[in-house]
Visitor: 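Attaching a single structure in structure tokens format; questions to follow.
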Amino acid sequence: MTGERRSIYLTTPIYYVNDKPHIGHAYTSLAADVLARWHRMSGHDVHFLTGTDEHGQKVEKAAEARGMDPQLFTDTVSQSFRELAVRMNYSNDDFIRTSEERHKRACAALWQRLEANGEIYLGHYEGWYAVRDEAFYGPDEIMEKDGQKFAPTGAPVEWVREPSYFFRLSQWQEKLLAFYEANPDFIAPQTRRNEVMSFVKSGLTDLSISRTSFKWGVKVPGDEAHVMYVWLDALTNYITALGYPSETEALWRFWPADVHFVGKDILRFHAIYWPAFLMAAGLPTPRRVFAHGWWTNEGQKISKSLGNVIDPLALIDEFGLDPVRFFLLREVPFGQDGDFQRKALVGRLNGELADALGNLANRTLSLIQRNCEGTLPAPVAAPTEADTAFLTATGHADAAGSPAWLVEKVDALLNEQKFDAALTLIFTSIREANGYITREQPWALKKTDLARMRDVLRHLHDALRVFATVLRPFMPETMEKLLDQLAVPAGARDLAALTTPLPEGVALPPPSPLFQKIQDAAA
RNA sequence: GGUGGUGUAGCUCAGCUGGUUAGAGCACGGCACUCAUAAUGCCGGGGUCGGCGGUUCAAGUCCGCCCACCACUACCA
């Protein structure tokens with residue numbers, strides 16, 4: 001909101017096609033989507049990327065097990081993530097797949113650049129390898145049961161010895177630490193930053209970045225017996241999508257990324273390997289990696305074996321899309337773990353969306369409809385003390401109608417990815433508006449002071465417009481509907497437009513409820 | 001074991017660099033109102049701010065120790 005138009009690049013992880021989309025995928029992308037929408041509404045130039053990670057031995061084996069060609073297999077599974085994006089109403093500008101040609105080109109180019117810079121050497125790797133985890137384990141980590149050896153994660157391991165290219169990660173330890181020091185906001189939240197830094201301090205070893213044990217991956221340039229390590233492959237997607245290696249391409253203006261949204265399980269790859277790769281290649285590093293927490297389901301850890309995986313599509317079917325979007329970001333501070341409780345979702349939907357916001361809109365608009373011939377009253381010339389207090393509380397810096405502080409505060413919070421705090425703030429204002437209408441009693445004023453009644457309703461309309469606008473990134477469909485009811489023109493729904501009051505006399509359509517409440521029999 | 005973090009009303013949590021009677025939402029009780037999706041507003045009950053000790057004129061807010069839980073990481077039988 002500072003005025004100048006910035007290029008903003010936001011990403012989700014590319015999701016591994018081994019899995020069906022679940023609440024975790026939906027959550028990460030949702031956060032990115034809300035921020036992307038907010039920045040667009042602020043007038044910035046936004047690029048929002050999501051996609052699928054399709055290489056690796058696990059995928060190769062899964063395809064094989066189905067008797068399918070890996071490309072065909074990933075075509076199918078990738079589709080379910082595209083569908084999720086559509087159903088969740090994500091506004092992604094691109095959807096990348098690592099099996100695409102453009103990506104293979106980018107990976108090869110990055111590899112060659114690293115190689116030219118002397119960051120890669122050929123060695124060999126041997127050790128206990130778990131296909132399921134795509135990871136090697138030390139001999140001391142292996143447990144044996146019934147003749148089969150297992151990793152600490154429970155994945156079966158096998159002894160693998162193969163030639164491998166290595167990335168000189170060990171050379172980057174001090175540079176990484178200096179980088180973290182110089183960029184204290186690079187890893188968020190802070191507690192994750194501490195973890196990463198202490199991990200790096202404990203020592204980094206060179207990273208094996210190629211495999212010869214399977215074929216389904218990006219071929220190493222000049223040595224096609226090798227495919228690239230999945231994480232080198234996967235991380236590169238963020239620059240592939242901007243046209244790398246062509247740094248003159250228009251999209252390249254978006255690099256470096258503003259925020260890489262990731263789950264806490266893959267923070268290490270993004271906060272250690274990725275900046276190391278980039279620095280080694282002489283490319284700018286992203287501004288921030290934000291690691292969010294995990295959801296539990298009614299207090300229980302979510303796992304496939306427990307069968308309590310949360311399907312976002314089922315939630316949408318039951319509660320509606322926007323209440324689900326709202327709940328996920330409202331309920332839990334972004335970055336912390338959260339517990340998904342049906343009761344809590346119903347409480348938010350009924351109490352905050354339907355009762356506080358929806359009902360405020362409905363009562364206000366009904367009064368205008370009935371007592372102002374359905375047209376918008378004029379902007380208020382002489383606000384009372386109560387009006388001024390109200391305008392201040394609901395985000396208007398002054399009676400002139402500039403919606404300064406609420407928008408700016410929300411902007412500041414969203415720039416730190418504090419979605420829950422932003423929503424808390426907005427709903428405090430909404431509560432304030434309910435207090436105002438109850439105190440001013442426009443329904444009584446219609447018998448005693450029509451002019452005053454019109455002023456009160458105008459103020460409420462202005463406040464609702466602010467609420468609908470700042471909530472639009474969180475609940476796009478429903479807030480568009482509210483803005484329709486408020487008769488805010490389509491071209492006047494961004495943040496800058498809030499400083500221009502709607503003209504008097506605009507015709508308002510008859511209101512209808514925005515949110516459907518859930519009647520739960522259970523307490 | 002190491003490192004980091006958390007522990008504040010029944011529940012979920014705010015409380016920046018220490019400073020008047022510790023806050024919010026939900027839940028609960030009472031009152032008011034009736035424009036509105038039986039919605040809303042106001043008032044209230046309820047907290048030894050994990051425990052002990054210390055620094056200070058003054059400590060949820062700083063220091064030490066202890067307890068519980070969480071995260072990352074190491075390791076041992």
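Proteins get letters first, then strands, A, B, ... in listed order; numbering begins at 1 in each. Small disclaimer: the values here were computed from a predicted structure and weren't measured.
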Visitor: Under a 4.0 Å heavy-atom cut-off, which of residues 348-358 of chain A touch RNA chain B?
Guide: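 Nucleic-acid contacts, sorted: A:A354, A:D355, A:G358.
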
Visitor: Apply the side-chain hydrogen bond (donor to acceptor under 3.5 Å, both in side chains) test between A:K517 and each candidate in A:N359, A:D355, A:N350; give the one that qualifies.
Guide: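 In the set A:N359, A:D355, A:N350, the residue that makes a side-chain hydrogen bond (donor to acceptor under 3.5 Å, both in side chains) with A:K517 is A:D355.
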
Visitor: Using heavy atoms and a sub-4.0 Å distance, could you list which residues of residues 195-206 of chain A are near RNA chain B? By number, please.
Guide: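 Contacting residues: A:E195, A:F199.
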
Visitor: Between B:U37, B:C35, B:A71, which nucleotide gets closest to the side-chain atoms of A:R192?
Guide: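 Taking heavy atoms from C-beta onward, the closest nucleotide is B:A71.
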
Visitor: Under 3.5 Å, is there any donor-acceptor pair linking the side chain of A:N359 to the base of B:A36?
Guide: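 Checked by distance alone, the answer is yes.
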
Visitor: Identify, with sequence neighbours excluded, every residue that meets side-chain contact (heavy atoms from CB on, under 4.5 Å) alongside A:P511.
Guide: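 By the side-chain contact (heavy atoms from CB on, under 4.5 Å) rule, A:P511 matches A:N362, A:L365, A:S366, A:Q369, A:Q485.
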
Visitor: Classify A:F427 by what it touches in the nucleic acid, base, sugar-phosphate, or nothing, heavy-atom distance under 4.0 Å.
Guide: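 No contact.
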
Visitor: Determine which bases of RNA chain B form Watson-Crick or G-U wobble pairs with both distances under 3.5 Å, and write the result as a 5' to 3' dot-bracket string with | for other-strand partners.
Guide: (((((((..((((.....[...)))).(((((.......))))).....(((((..]....))))))))))))....

Visitor: Check each residue of residues 430-437 of chain A for a non-hydrogen atom within less than 4.0 Å of any atom in RNA chain B, then write out the ones that pass by number, or none.
Guide: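 Result for residues 430-437 of chain A: A:R431, A:N434, A:G435, sorted by number.
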
Visitor: Ring-plane angle category for A:H292 and A:W294, please: parallel below 30°, perpendicular beyond 60°, tilted otherwise.
Guide: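 A:H292 and A:W294: perpendicular rings.
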
Visitor: Assess the pair A:F326 and A:F427: is the distance between their ring centroids shorter than 6.0 Å?
Guide: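 Here the rings of A:F427 and A:F326 have centres that are less than 6.0 Å from each other.
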
Visitor: Taking NZ, NE, NH1 and NH2 as the nitrogens, is one of them in A:R458 or A:E504 under 4.0 Å from a carboxylate oxygen of the other?
Guide: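 Judged by the 4.0 Å cut-off on N to carboxylate O distance, A:R458 and A:E504 do not form a salt bridge.
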
Visitor: Could you give the distance separating B:A27 and B:A39 at their P atoms, to the nearest angstrom?
Guide: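 It comes out at 10 Å once rounded to the nearest Å.
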
Visitor: The criterion is side chain to side chain donor-acceptor pair (under 3.5 Å); which residues satisfy it with A:Q516, sequence neighbours excluded?
Guide: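 Partners of A:Q516 by the side chain to side chain donor-acceptor pair (under 3.5 Å) criterion come out as none, since no residue qualifies.
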
Visitor: Using the glycosidic torsion, which applies to B:G64: syn (within 90° of 0) or anti (everything else)?
Guide: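 Anti for B:G64; the angle lies over 90° from 0.
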
Visitor: Taking only residues two or more places apart in sequence, or in another chain, which ones meet A:P323 in a side-chain contact (heavy atoms from CB on, under 4.5 Å)?
Guide: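 Counting only residues at least two positions away or on another chain, A:P323 forms a side-chain contact (heavy atoms from CB on, under 4.5 Å) with A:L349, A:L353, A:F515.
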
Visitor: Under 4.0 Å, heavy atom to any atom of RNA chain B: which of residues 438-452 of chain A qualify?
Guide: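 Residues of residues 438-452 of chain A under 4.0 Å from RNA chain B: A:T438, A:W443.
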
Visitor: Any pair with a residue in residues 180-209 of chain A that passes ring-ring contact (aromatic ring centres under 6.0 Å, His included), sequence neighbours left out, goes on the list, sorted by first then second residue, please.
Guide: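 ring-ring contact (aromatic ring centres under 6.0 Å, His included) check on residues 180-209 of chain A returns A:F179-A:F186.
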
Visitor: List for me each residue that meets side-chain contact (heavy atoms from CB on, under 4.5 Å) alongside A:R168, sequence neighbours excluded, and say none if there are none.
Guide: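 Expected list: A:E119, A:Y121, A:Q171, A:D206.
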
Visitor: Describe the nucleic acid contact of A:L360 in one word from base, sugar-phosphate, nothing, applying a heavy-atom distance below 4.0 Å.
Guide: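 No contact.
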
Visitor: For A:E195, enumerate each residue passing the side-chain contact (heavy atoms from CB on, under 4.5 Å) test, keeping only those at least two apart in sequence or located in another chain.
Guide: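 Listed in chain order: A:T191, A:R192.
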
Visitor: Specify the closest pair of heavy atoms between A:V230 and A:G56, including all atoms of both residues, with the distance to one decimal.
Guide: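 So the minimum-distance heavy-atom pair works out to CG1-CA, 3.6 Å.
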
Visitor: Write out a two-atom table: protein N or O, nucleotide N or O from nucleotides 5-8 of chain B, distance below 3.5 Å.
Guide:
none

